[in-house]
Undergrad: 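Dropping the structure in here first, questions after.
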Amino acid sequence: MDILTELNPAQREAVETINGPLLILAGPGSGKTKVITHRIAYLIKVVGVNPYHMMAVTFTNKAAREMAERLHRLLSGVVADLTIGTFHAICARILRREGKAIGVAPGFVIYDDEDQTNLIKRSLQELGLDPKQYSPKAIQTAIDAAKARLLTPAEYLKWGRSYFDEIAQRVYERYQKLLEESNALDFDDLLMKTVHLFRDNPPVRSRYQNRYSYVHVDEFQDTNLVQYELMKQIAGKHRNLCVVGDPDQSIYSWRYADLRNILNFEKDFPEAKVVLLEQNYRSTKLILEAASHVISANKQRKPKGLWTENEAGVPTAVIETYTEQEEAQFVVNEIEQMVSGGEAKLNDFAVMYRTNAQSRVLEEAFLRYGVPYKLVAGTRFYERREVKDVIAYLRLLQNPSDNVSLLRIINIPQRGIGERSIVELSQWARMKGVAAYPALKMLAESKESEPKPPLSPRVVKAMLSFYEMMADFTESRELNLVDLFDLVVAKSGYKEYLMREMDGEERWENVLELRTVAQEYRDMPAPEGLAAFLEGVTLVSDVDSLDESVAAVILITLHQAKGLEFPIVFIVGMEDGILPHIKSFDDPEQMEEERRLCYVGITRAKKRVYLVRAFRRSLMGSSRPNPPSRFLWDIPTHLITGGSLREVAAESRLAAALSAWNRGVVGKTDLPELKAGDHVKHAQFGEGVVVSAKPVKDDAEVTVAFEGAGVKRLLQSFAGLEKVT
DNA sequence: CGAAAGGCTCTTTTT
DNA sequence: GAGCCTTTCG
């Protein structure tokens, strides 16, 4: 059987184990996606299971798409009836069909993080709580945490301990009410409500349990309690639940991912079979060894025997630069050299970092040197103001109760409807027992004699003309999505509004890009097309749009890089305070997660790894030196180019500077005094002329124009500049 | 009501 | 350093 022939014995065992629960512990690069797809293909083709009875849950839409494509190839045909997608997408689909049973109307909209924050602020406002005293973000975290524990507001009340919990509980209650009024669900609601649906409606649960005789979950180490609960519900009857994960790659505990899911799996399913995938097909021996040394320092883990038949490869390069600008420059230069030397293509490279803020300096360097790059996140496309504005118009057409969207656009472009008037309208709507948009409708249709909100005639006129415009759009809902899109953008005056702004051109481009996305839904029947579009744009992640075949270097966070692989990987910011992040310093568990994050990064690489750090880095405005990442010390000498960091550092002036810094006394050294115009010599860059010299503590930042290497900014003590006369 | 200017506070990671 | 919020003035 050709489905089995390309598998190693462990993979084959996982594929052929079709009865009962199955836990697959899969190291990086061990072919876990392959195992899932082959297992599904095997079930369909050999066992004869109808794809309709199978579910596969992935972490991103991209992973789902790729899995579907691989299946398509394996089975030489489409697998239309297979349920495949992210937790959120699958739950949204279930709730559209079955939500009525728990009071969720099928036309609901999904609120993203920003919408959620808006609504929490409004909840605070309505409760008369001061947002300065109770930070909306902190409340949001509390609410997310409650939902991740399946706690309703009432249950949270019993669970809460502190005074803050009590406040958060009140906000949670009001927030939930506002969501309901808007016929909206937030991300966590999608999961929680589905679990409640199944818990409280045995007939519905049975239908789904009967349907899904085989359930697969990818990246199981990053599922939270609610997601696991949901899988247990759906697989509850047939108990053919196959989960695949790697505890060493668990990096989402802050999103309430819970490793106990893996640990409890064998308890919840005592009959479960466990298969270990330990052969790595991705990386060289040296990369795998370096990664193993990094992860081995974690106390809370089971040792694993990861191995590979791949070549030894080259040692990991550990590089230190002076500033983050030089760090970026190093990365770009290195890539440029390899590409122009024909050693590699642009899309062989990925540059990974701990925090999004680090991407800016990198971007600048790539732009300056004209090396094509693709930034995976940054300001996420669908979170841009102009994109969300247009989406808000469309959302309101799908769901007139959507208060967050209405309030967002009622005065965009400016129509002379200010904050005060909006509050009056909202209160009036609440009094009438309807959402804000239907209240506009009532206002438009009300007779002279009826009571009205206390608004000036000018404002009433503005509101009514806004309502009439939206009503026109509503009547055009039968148009295909692109025509509807164009109509809304044209009639609302949104383009003119954008163009009046400084960066209007660029923002308008983004609107056009959104329109391109809308084109994919053009041929769907009108209302469904709109609904599918809106759901799509809310549930996408940034990696979903990543196309590795484009000739560009990928800039990506370590978190987003999970599940991907690249021939050559740079990890920048290898410093204590960045990776590991400073927030993890006082919590051993978080520190272990930082280490796993580093492990994930290294194991993305097939051929070559660079671990790069900057001596000085600007953070929150001010620049300060950071010590090397503690993870670097765990990689032994023979796996690193130029010996271990310890040896290199011990010899270097950098070490002296560092220890001086740590002692808090920077001793006056015998540095030659430099001024603009002086000729100097550098061991690596050769000869050059000093452009400027700025005293820093007892050292100096010197900018030098080198004859061969261009202009560099260097710290004099560690650059080792010699004065040439 | 709206634009502009100044002040404040954070920045981890995201479906 | 940037985004967000508040204040101020037209």
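Below, chains carry the letters A, B, ... as their sequence lines are ordered, and counting in each starts from 1. Any value given below was found using the heavy atoms of this structure, including those in side chains, with hydrogens, waters and symmetry copies removed.
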Undergrad: Quiz question: by atom type and distance under 3.5 Å, do the side chains of D246(A) and Q221(A) form a donor-acceptor pair?
TA: no
Undergrad: State the NE2-CG distance between H88(A) and L95(A), to the nearest 0.5 angstrom.
TA: 11.0 Å
Undergrad: P580(A) and side chain to side chain contact (heavy atoms under 4.5 Å, CB included): which single residue from Q590(A), E594(A), R595(A) fits?
TA: E594(A)
Undergrad: Think T538(A) has a side-chain N or O under 4.0 angstrom from the OP1 or OP2 of dT15(B)?
TA: no
Undergrad: If the test is side chain to side chain donor-acceptor pair (under 3.5 Å), which one of R617(A), R613(A), H581(A) qualifies with E575(A)?
TA: R617(A)
Undergrad: Whole Å only: how far is the CG atom of D144(A) from the P atom of dT15(B)?
TA: 14 Å
Undergrad: Which atom pairs link the protein and nucleotides 3-6 of chain C when you take only N or O atoms and keep those under 3.5 Å?
TA:
{"unit_1": "dC5(C)", "atom_1": "OP1", "unit_2": "K121(A)", "atom_2": "NZ", "d": "2.6"}

Undergrad: If the cut-off is 4.0 Å, is T86(A) near the phosphate of dT15(B), judged by side-chain N/O to OP1 or OP2?
TA: no
Undergrad: Has R604(A) got a side-chain atom pairing as donor or acceptor with L564(A)'s backbone, closer than 3.5 angstrom?
TA: yes
Undergrad: Report yes if a side-chain nitrogen or oxygen of T557(A) is closer than 4.0 Å to either non-bridging phosphate oxygen (OP1 or OP2) of dT14(B); otherwise report no.
TA: yes
Undergrad: Could you go through nucleotides 2-4 of chain B and list every protein N or O atom that sits under 3.5 Å from one of its N or O atoms, giving the distance for each pair?
TA:
{"unit_1": "dG2(B)", "atom_1": "OP1", "unit_2": "G416(A)", "atom_2": "N", "d": "2.9"}
{"unit_1": "dG2(B)", "atom_1": "OP2", "unit_2": "N411(A)", "atom_2": "ND2", "d": "3.1"}
{"unit_1": "dA3(B)", "atom_1": "OP2", "unit_2": "Q414(A)", "atom_2": "NE2", "d": "3.4"}

Undergrad: OP1, OP2 of dT15(B) versus side-chain N and O of N61(A): anything below 4.0 Å?
TA: no
Undergrad: Going by an N to O cut-off under 4.0 Å, is there a salt bridge joining E535(A) and R96(A)?
TA: yes
Undergrad: Which nucleotide sits closest to the side chain of R420(A): dT15(B), dT13(B), dC1(B)?
TA: dC1(B)
Undergrad: Look at the side chain of D544(A) and the backbone N and O of T60(A), then say whether any donor-acceptor pair between them is shorter than 3.5 Å.
TA: no
Undergrad: Would you say a side-chain N or O of Q560(A) is under 4.0 Å from OP1 or OP2 of dT13(B)?
TA: no
Undergrad: Parallel, tilted or perpendicular for Y494(A) and Y393(A), by the 30°/60° rule?
TA: perpendicular
Undergrad: Are dT13(B) and W254(A) stacked, with the base six-membered ring and the side-chain ring centres under 5.5 Å apart and planes under 30°?
TA: yes
Undergrad: Dot-bracket for DNA chain B, 5' to 3', counting Watson-Crick or G-U wobble pairs under 3.5 Å, with [ ] for crossing pairs and | for inter-strand pairs?
TA: ||||||||||.....
Undergrad: Quick one: does any side-chain atom of N411(A) pair with a main-chain N or O of G416(A) as donor and acceptor, under 3.5 Å?
TA: yes
Undergrad: Side chains of T83(A) and Y212(A): donor-acceptor distance under 3.5 Å anywhere?
TA: yes
Undergrad: What contact category does Q227(A) fall into here, base, sugar-phosphate, or nothing, at under 4.0 angstrom with non-hydrogen atoms?
TA: nothing
Undergrad: For Y599(A) and F631(A), I'd like to know if the aromatic rings sit close, meaning centre-to-centre distance below 6.0 Å.
TA: no
Undergrad: Counting the atoms with a prime plus P, OP1 and OP2 as sugar-phosphate, which does S421(A) contact under 4.0 Å by heavy atoms, base, sugar-phosphate, or nothing?
TA: sugar-phosphate
